[in-house]
Amino acid sequence: MASEWCIGIIGGSGLYNIDGLEDAQWIAIDTPWGEPSDEILCGRIGKVKLRFLPRHGRGHPISPTELNGRANIDALKRAGCTDILALSAVGSLREEIEPGRFAVVEQFIDRTFNRPSTFFTSGFVTHVSMADPTCPRLSTMMAKAISAAKGKVAVGATYLAMEGPQFSTRAESRMYRQWGADIIGMTALPEAKLAREAELPYALVGMVTDYDCWREGEAVGVAEVVAQMQANGKLAREAVRRFVEALPGKREPSPIDTALDDAVITAPDEHDPDLLTKLDAVAGRLFAEG
Ligand SMILES: CSC[C@H]1O[C@H](OP(=O)(O)O)[C@H](O)[C@@H]1O
Ligand SMILES: Nc1ncnc2[nH]cnc12
């Protein structure tokens, strides 16, 4: 059945606010997974509800390796989001994906190793498919919005998520190129996996800030990233506004809305009731009566 859109926007490095929200209000949301990165800025553009979360918090106090991805995704779901559009500063691993260009992500390679990456621990063991980790509907609409905002866009990008917070070594950067990765960042995983577990269609736009360090004699630094992000921020805000304005009046269901169907393997009499209580927002659909 068609429904209303409620778009969660996760803002990356350099994107701590969004323009043009009507009835905007920062609201604190409690979760059973701990504290999200910040309050959520709730408002709307026209009839579309928006929920904006600065990924690292306002003022960027939170390190990529210490982000509470579970709390962030749970809070967005609790705030009513139907879909998530995430934005990230990224390094480029390809000559033709130059700083200033935006890359719409299709695939991920996970090199993170130090983060809780699932809601579904013992007592409710669940294996969702990550074969197609991003939502094609949101990705296509966002690519069009970036072009309409006169931005340069690459589609079908593979994002490598590294642990950080240090940037890569040159050997790592060159190896990631051989693996087929196009862009690199420190945050989109486990975020995208958690969004899938929460049955939230997820799209990611990488806003290219640098060439990482695979080119001879070049190395990335924070000052370069921040300067390029300031240049990228205006395009990001304009593209988000156009994306929201171009959404169809009603949201048709997505196959991702039911990603948990047939994914749970723990038998009902082995379910952990405490875990089920914590899953009220993420997987509540499965336990609803009727
Ligand atoms: C400030 S450079 C490194 C930092 O920027 C990216 O963050 P985000 O994805 O939230 O824009 C990258 O992943 C690192 O966390
Ligand atoms: N080169 C890079 N590596 C990891 N994360 C980044 N964020 C922006 N540039 C980056």
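These numbers come from a predicted model, not from an experiment. Read the numbers this way: they start at 1 and go in the same order the structure lists the ligands and their atoms.
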Query raised in the report: Does some non-hydrogen atom of Val225 fall short of 4.0 Å from ligand 1?
Result: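 Val225: in contact with ligand 1 (<4.0 Å).
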**Report entry** Per-atom contacts, ligand 1 versus Gly12 - under 4.0 Å to a heavy atom
**Finding:**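 Under 4.0 Å from Gly12, ligand 1 has these atoms: 8 (P), 10 (O), 11 (O).
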Query - Atoms of ligand 1, numbered as shown, that sit under 4.0 Å from any heavy atom of Arg55 - result: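 In order of numbering, the contacting atoms are 8 (P), 9 (O), 10 (O), 11 (O).
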Report task. Out of Met186, Glu172, Glu224, indicate the one that has the non-hydrogen atom closest to atom 4 (C) of ligand 2. Result ->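 Going through Met186, Glu172, Glu224 one by one, Met186 has the nearest heavy atom to atom 4 (C) of ligand 2.
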Among all protein heavy atoms in this structure, tell me which lies nearest to [atom], with the distance rounded to 0.1 Å.
{"atom": "atom 12 (C) of ligand 1", "value": "Met186 N, 3.7 Å"}
{"atom": "atom 9 (O) of ligand 1", "value": "Thr187 OG1, 2.5 Å"}
{"atom": "atom 3 (C) of ligand 1", "value": "Phe167 CE2, 4.1 Å"}
{"atom": "atom 10 (O) of ligand 1", "value": "His56 NE2, 2.5 Å"}
{"atom": "atom 9 (N) of ligand 2", "value": "Asp210 OD2, 2.7 Å"}

Report task. Considering the heavy atoms of Ala89, write down every atom of ligand 2 situated less than 4.0 Å from one of them. Result ->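 Result: 7 (N), 8 (C).
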Query - Check: Tyr176 ring centroid to Tyr159 ring centroid under 6.0 Å - result: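 Aromatic pair excluded; centres sit 6.0 Å or further apart.
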Requested in this report: Check Ser13 against ligand 1 and report side chain, backbone, both or neither, counting heavy atoms closer than 4.0 Å.
Outcome: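 Both of them.
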Query raised in the report: What about His60: any of its N or O atoms under 3.5 Å from an N or O on ligand 1?
Result: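 Looking only at distances, the answer is no, because the N/O contact criterion of under 3.5 Å is not met.
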